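Just below is one structure, and these are the notes that go with it.
Quick caveat, the model's predicted, so the values are computed rather than measured.
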Amino acid sequence: MRWWKILGLAGVAGVAATGVVIARAERRRRAYTPEEIRDRLRARLAEGSGDAEGGVPAEDQA
């Protein structure tokens with residue numbers, strides 16, 4: 001086999017491996033219910049703002 005054939009096979013294997021990783025991540029992402037996503041986002045907001053309740057700051061409420 002010539003070097004370019006080996007390089008081509010390695011490229012095909014790399015593309016296939018990348019597809020597997022993307023498909024696995026997509027499956028994991030879609031496994032969450034909307035409520036779980038909402039709860040996770042609220043927890044991240046509370047963590048980032050330092051607010052223990054995760055609510056909207058008073059100055060942002062209308």
Side-chain angles (χ1 to χ4, degrees):
M1 243 188 234
R2 298 189 184 257
W3 65 271
W4 56 271
K5 287 183 181 179
I6 294 172
L7 184 63
L9 289 174
V12 169
V15 169
T18 302
V20 168
V21 169
I22 291 172
R24 185 177 295 166
E26 182 70 16
R27 222 176 301 125
R28 193 176 311 138
R29 185 185 67 83
R30 288 181 185 233
Y32 294 120
T33 65
E35 292 80 22
E36 288 174 326
I37 293 171
R38 206 172 295 120
D39 291 341
R40 289 170 59 102
L41 287 173
R42 286 183 179 145
R44 285 176 56 189
L45 177 66
E47 180 181 300
S49 66
D51 184 13
E53 294 180 14
V56 178
E59 63 270 3
D60 290 343
Q61 293 179 349

ask   = In the hydrophobic cluster built from side-chain contacts under 4.5 Å, what are the other members alongside I22?
value = none

inquiry  = Please enumerate all residues that pass side-chain contact (heavy atoms from CB on, under 4.5 Å) together with T33, with sequence neighbours excluded.
reply    = E35, E36

query = With a cutoff of under 4.5 Å between side-chain heavy atoms, which Ile, Leu, Val, Met, Phe, Trp and Tyr residues group with L41?
reply = Y32, I37

inquiry  = Checking R27 now: which residues fulfil side chain to side chain donor-acceptor pair (under 3.5 Å) with it, not counting sequence neighbours?
reply    = none

key: With sequence neighbours excluded, residues passing salt bridge (Lys or Arg N to Asp or Glu O under 4.0 Å) with R30   = E26

ask   = Applying salt bridge (charged side-chain N to carboxylate O under 4.0 Å, His left out), which residue pairs with at least one partner in residues 8-18 are found, sequence neighbours left out?
value = none

